[in-house]
Each structure stands twice: as C-alpha cells, then as structure tokens.
Amino acid sequence: VAAGLREDGVVVLNTSKSAKEIRETSGIKAKLALVDATRIAIESMGIPITNTTLLGAMLKATDLLPTSALEGPLHERFGRIAGKNIDAFQRAYEETLVEE
C-alpha cells in the first residue's frame, strides 16, 4: 500500500482500526490519518458514500486549507443535499486521528 510513498507522505484510511493495528498488519511507517468514514457517511447522509467524508480527513492530515475554504464549493457541487455532505466533511475533520 505504501510503495512509493515519500518520507513525508500521509496515508489517509477509512477504517475503524487503531494506528497500532494498521502499522502491525501493513508495515506502514508513514504518517497516518484514520477515520471511520463509512460510519460518518451513513450517520450524516444515510448512505455509505465517503468522498466528502474522506476530503475532511485529508484536510485534517495535511492542513492544506481551512475547512471553511471548501464549504462554498461543496454547496455549489451538492446543491440541496450540501448540508448533509458538509456535516460529513466537518465530522470527519473533527474525528480523524492523525498519528505520526
């Protein structure tokens, strides 16, 4: 899974497992960002689609942008269902565990 990953790379995973479990089973030594994106998507949107949920996890892991920078684009992309997607996105940001 981590073949070719740069030393300063990050692995974002949709999992309910701990960082210790992931490292023991996969051998990944890189920074991990772990979130149960499927659970959050089901609870927030009613369906197990994790795209926007994992986007929140990626932002938490990388600090590329503040979450507020994506609220407008998410509203534009998802229209009437944007609220559920933004909820999933923000919850994932808050619930993601980042482990160096």
Side-chain angles (χ1 to χ4, degrees):
V1 170
L5 183 66
R6 294 182 349 199
E7 281 187 32
D8 62 344
V10 180
V11 177
V12 178
L13 292 174
N14 175 6
T15 185
S16 59
K17 294 181 181 179
S18 70
K20 181 180 177 185
E21 290 175 285
I22 297 296
R23 292 190 193 287
E24 287 174 355
T25 58
S26 69
I28 295 172
K29 293 179 175 55
K31 180 177 180 180
L32 294 173
L34 309 176
V35 65
D36 191 344
T38 302
R39 177 186 53 79
I40 293 170
I42 291 169
E43 290 174 2
S44 294
M45 300 183 297
I47 54 175
I49 297 176
T50 61
N51 299 32
T52 53
T53 311
L54 287 168
L55 183 59
M58 192 240 358
L59 285 186
K60 175 80 172 261
T62 62
D63 289 325
L64 291 174
L65 298 167
T67 57
S68 60
L70 291 182
E71 288 180 14
L74 288 173
H75 270 290
E76 186 176 318
R77 167 64 180 93
F78 292 105
R80 65 177 179 79
I81 60 169
K84 292 179 179 184
N85 281 273
I86 291 170
D87 180 62
F89 165 76
Q90 290 175 332
R91 282 189 56 199
Y93 182 88
E94 293 166 9
E95 295 180 32
T96 296
L97 300 174
V98 179
E99 170 101 14
E100 298 287 332

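Since this is a predicted model, take the numbers as computed values, not measurements. Note: hydrogens, waters and symmetry copies are ignored here, and every other heavy atom, side chains too, is used.
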query = Between L32 and R23, is a side-chain contact (heavy atoms from CB on, under 4.5 Å) present by the stated rule, with each step listed?
reply = CA-CA 9 Å; L32 294 173; R23 292 190 193 287; 3.7 Å; yes
Non-neighbouring partners of I49 that pass side chain to side chain contact (heavy atoms under 4.5 Å, CB included), sequence neighbours left out = I47, N51
request  = Scan for side chain to side chain donor-acceptor pair (under 3.5 Å) pairs involving residues 62-74, sequence neighbours excluded, and state none if there are none.
outcome  = E71-Q90
task = Look up atom CD1 in I22 and atom OG1 in T15, then write down how far apart they are to the nearest 0.5 Å.
result = 4.0 Å
ask   = Do you know the tightest heavy-atom contact between L59 and P66?
value = CD1-O, 4.4 Å
request  = Tell me whether L13 is reachable from M58 by hopping between hydrophobic residues (I, L, V, M, F, W, Y) whose side-chain heavy atoms are closer than 4.5 Å.
outcome  = no
ask   = side-chain contact (heavy atoms from CB on, under 4.5 Å) between V98 and K60: does it pass, once the steps are laid out?
value = CA-CA 8 Å; V98 179; K60 175 80 172 261; 3.9 Å; yes
Show me the side-chain donor-acceptor pairs of residues 38-46 shorter than 3.5 Å, one per line, residues at least two apart or across chains.
unit_1 : atom_1 : unit_2 : atom_2 : d
T38    : OG1    : N14    : ND2    : 2.9
R39    : NH1    : E43    : OE1    : 3.3
R39    : NH2    : E95    : OE1    : 2.6
E43    : OE1    : R91    : NH1    : 3.2
E43    : OE1    : R91    : NH2    : 2.6
S44    : OG     : I40    : O      : 3.2
S44    : OG     : D87    : OD2    : 2.7
S44    : OG     : R91    : NH1    : 3.3

request  = Quick one: list whatever passes salt bridge (Lys or Arg N to Asp or Glu O under 4.0 Å) with K31, sequence neighbours left out.
outcome  = E100
request  = Locate the shortest heavy-atom distance separating V12 from A61; write the atom from each residue and the value.
outcome  = CG2-CB, 4.4 Å
ask   = Which heavy-atom pair separates V11 from A30 by the least distance, and what is that distance?
value = CG2-CB, 4.5 Å
Tabulate below the donor-acceptor pairs under 3.5 Å that side-chain atoms of residues 73-85 make, not counting sequence neighbours, or state none.
unit_1 : atom_1 : unit_2 : atom_2 : d
N85    : OD1    : T52    : OG1    : 3.1
N85    : ND2    : I81    : O      : 3.1

remark   = Closest non-hydrogen contact found for A57 with V35 is CB-CG1, 3.6 Å
task = Check side chain to side chain contact (heavy atoms under 4.5 Å, CB included) between E21 and all other residues, then give those that pass, not counting sequence neighbours.
result = K17, S18
key: Nearest heavy-atom neighbours spanning L5 and V10   = CD1-N, 4.1 Å
